[in-house]
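The block underneath contains the structure these notes are about, expressed in structure tokens.
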Amino acid sequence: MPDYTFFDNVYDVVRQIPKGRVTSYGAIAAYLGSKQSSRIVGYAMMACGTANPPVPAHRVLNKQGLLTGKFHFGGDTMEQMLQSEGIEVIDNQVQNFKAIFWDPAIELAL
DNA sequence: CCAATGACGCTAG
DNA sequence: TCTAGCGCCATTG
């Protein structure tokens, strides 16, 4: 296992996402450094399977609240998990996304 | 060491 | 308003 730093940061933030809430790659990237690292967050999510313990990457969506990485979970696993937490997911799109949005830059800033 | 890739985001046309 | 292209940082081959 390589030197985790950025990844560990991302994982730590994602693991702190409360149940029934979601966040975006850009929000995490912005919280860690700048939105410019948005790709790195997505990359970290891809590698979340290698993380220990695995992170609830199903709560991490893009800026649009779209389940961009649902394919990586394998089918509809991602939306199934979200709906299991009370989150409405229609057509890979989280309903009321803005309301359940969990911004680390604000929540973790407390 | 260099080049390519990636679950995104923004700007320009 | 919608579509297309570029940039960004980190990891892997």
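Numbered from 1 within each chain, the chains take letters A, B, ... in sequence-line order.
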Salt-bridge criterion met for A:Glu107 and A:Arg21 (N-O under 4.0 Å): no
Between atom [atom1] in [X] and atom [atom2] in [N], what is the gap in whole Å?
| X | N | atom1 | atom2 | result |
| --- | --- | --- | --- | --- |
| A:Leu66 | B:dG9 | CG | P | 10 Å |
| A:Lys63 | B:dG9 | NZ | C1' | 9 Å |
| A:Met45 | B:dG6 | CE | P | 17 Å |
| A:Leu32 | B:dG9 | CG | P | 14 Å |
| A:Gln64 | C:dT3 | CD | P | 12 Å |
| A:Asp8 | C:dT11 | CG | C1' | 15 Å |
| A:Asp76 | B:dA7 | CG | C1' | 16 Å |
| A:Glu79 | B:dA7 | CD | C1' | 15 Å |

Side chain A:Tyr25 and base B:dA7 donor-acceptor under 3.5 Å: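 Such a pair exists between side chain and base.
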Any N/O donor-acceptor pair, A:Arg39 side-chain to C:dG7 base, under 3.5 Å: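 Between C:dG7 and A:Arg39, which were checked side chain against base, a qualifying N/O pair under 3.5 Å is present.
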Shortest non-hydrogen contact from A:Met45 toward A:Val14: CE-CG2, 3.7 Å
Out of C:dA10, B:dG9, B:dA7, whichever nucleotide has its closest atom nearest the side chain of A:Phe7: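 For A:Phe7, the side-chain atoms sit closest to C:dA10.
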Candidates B:dG9, B:dA7, C:dT11 - which lies nearest the side chain of A:Tyr43: C:dT11
Side-chain donor or acceptor of A:Tyr11 paired with backbone N/O of A:Pro53 under 3.5 Å: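 No.
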Donor-acceptor contact present, side-chain A:Thr23 to main-chain A:Trp102, <3.5 Å: yes
N/O (side chain, A:Thr68) to phosphate O (OP1/OP2, B:dC8) under 4.0 Å: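 Yes, because at least one side-chain N or O of A:Thr68 sits under 4.0 Å from OP1 or OP2 of B:dC8.
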Heavy atoms from other residues, nucleotides or ligands near CD of A:Gln93 exceed 12 (cutoff 6.0 Å): yes
Sugar-phosphate, base or nothing in reach of A:Ala57, heavy atoms under 4.0 Å: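 Contact class for A:Ala57: base.
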Touch class at under 4.0 angstrom, heavy-atom based, for A:Phe73 against every strand present: base
